[in-house]
Each structure stands twice: as C-alpha cells, then as structure tokens.
Amino acid sequence: MTASTRRTVLSLYMRVFRIARSWPAQIGVVGDTETEKKYILHEASTLFRQNQQLTDPEAIKRCVEECEARIEMGLHYRNPYPRAMHLPPLGLATQKGRKLRAQQRLRKQAKPVYLQSHDDS
C-alpha cells in the first residue's frame with residue numbers, strides 16, 4: 001500500500017468516526033441516535049478490519065469507493081443502514097442448472113457499489 005493510499009484510507013476511517021460522534025437520528029429519538037451511532041462504529045470497524053490485509057490497488061480502490069458511497073448516502077438520506085438492493089426480473093426464481101447460474105450472474109451484476117463488502121445472505 002502506498003503512502004497516499006494509506007493516508008486516504010486513514011482519513012476515511014477518521015471521517016466515519018467523526019460522523020458517528022455527531023450523528024443525529026432522523027426521528028430525533030435519543031435511543032435511536034445511540035443505536036445508529038453504535039451501528040456506524042461497529043460497521044466501520046468490522047469492514048475496515050475485514051479489508052485490512054488487502055494489497056491489490058484495484059481492490060483497495062473499490063473499497064474506498066464503497067466507503068465514500070456509503071458515507072454520502074448515509075448523510076444524504078440521514079440513514080446509516082445500507083439501502084435495499086433491487087433485483088433484476090427473474091432474480092429470485094429457484095431453478096436449477098444453467099438458469100440458476102444466469103440468475104446468480106444477474107444478481108451479482110445488480111449489486112450496487114455500496115454493498116460490495118457484504119456477503120450474499
């Protein structure tokens with residue numbers, strides 16, 4: 001990892017923690033605010049630790065883009081949780097064989113940049 005990449009990643013990490021510290025819930029309920037702050041901190045630490053061992057510059061770039069997208073979406077919608085992923089038509093059919101692989105490919109292509117670190121569940 002180059003020095004500039006390291007600086008970018010660390011600045012994103014600190015930005016997430018600054019956002020969490022001053023996060024107000026959309027509704028304004030104190031309990032919701034604390035829950036959302038804890039979620040932001042937990043999600044950030046989990047994903048940054050999960051991707052800590054990455055050395056490929058392209059993979060690091062994708063993770064940085066994902067982090068920036070999630071930050072911007074969270075600030076815009078005032079919701080720290082990832083948005084739902086919309087599946088393409090026939091994306092949930094339970095068929096076997098070649099059609100199943102095609103559906104899996106469709107689901108993978110439809111996955112937005114802000115959900116790349118999450119496993120399929």
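Values in this document were obtained by computation on a predicted structure and should not be read as measured data.
- Between atom CG of residue N79 and atom CD of residue E36 there is a gap of 6.5 Å, rounded to the nearest 0.5 Å.
- Partners of Y13 by ring pair (Phe, Tyr, Trp, His ring centres under 6.0 Å), not counting sequence neighbours, listed by chain and number: F17, F48.
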- Task: Test L47 against Q50 for side-chain contact (heavy atoms from CB on, under 4.5 Å), laying out the working first.
- Result: CA-CA 5 Å; L47 290 177; Q50 173 185 332; 3.6 Å; yes
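- Checking each of K37, E43, H42 against Y39 for a side chain to side chain contact (heavy atoms under 4.5 Å, CB included) leaves exactly one that passes, namely E43.
- For S11 (side chain) and T8 (main-chain N/O), a donor-acceptor pair under 3.5 Å exists by modelled atom type.
- Going from atom OG1 of T55 over to atom CD1 of I60 covers 6.5 Å, rounded to the nearest 0.5 Å.
- Counting only distance, with no hydrogens or angles, the side chain of T33 and the backbone of P24 share no donor-acceptor pair below 3.5 Å.
- Each of R7, R6, M14 was checked for a side chain to side chain contact (heavy atoms under 4.5 Å, CB included) with L10, and the lone residue meeting it is R6.
- In plain terms, the two heavy atoms of P80 and R70 that are nearest each other are O-NH2, 4.1 Å.
- With a 4.5 Å cut-off on side-chain heavy atoms, L54 and C63 count as touching.
- Cation-pi geometry between R78 and W23 is met: the NZ or CZ atom falls under 6.0 Å from the ring centre, inside 45° of the normal.
- Under the rule for a side-chain contact (heavy atoms from CB on, under 4.5 Å), the partners of I71 that lie at least two apart in sequence or sit in another chain are L12, R15, V16, I19, C67, L75.
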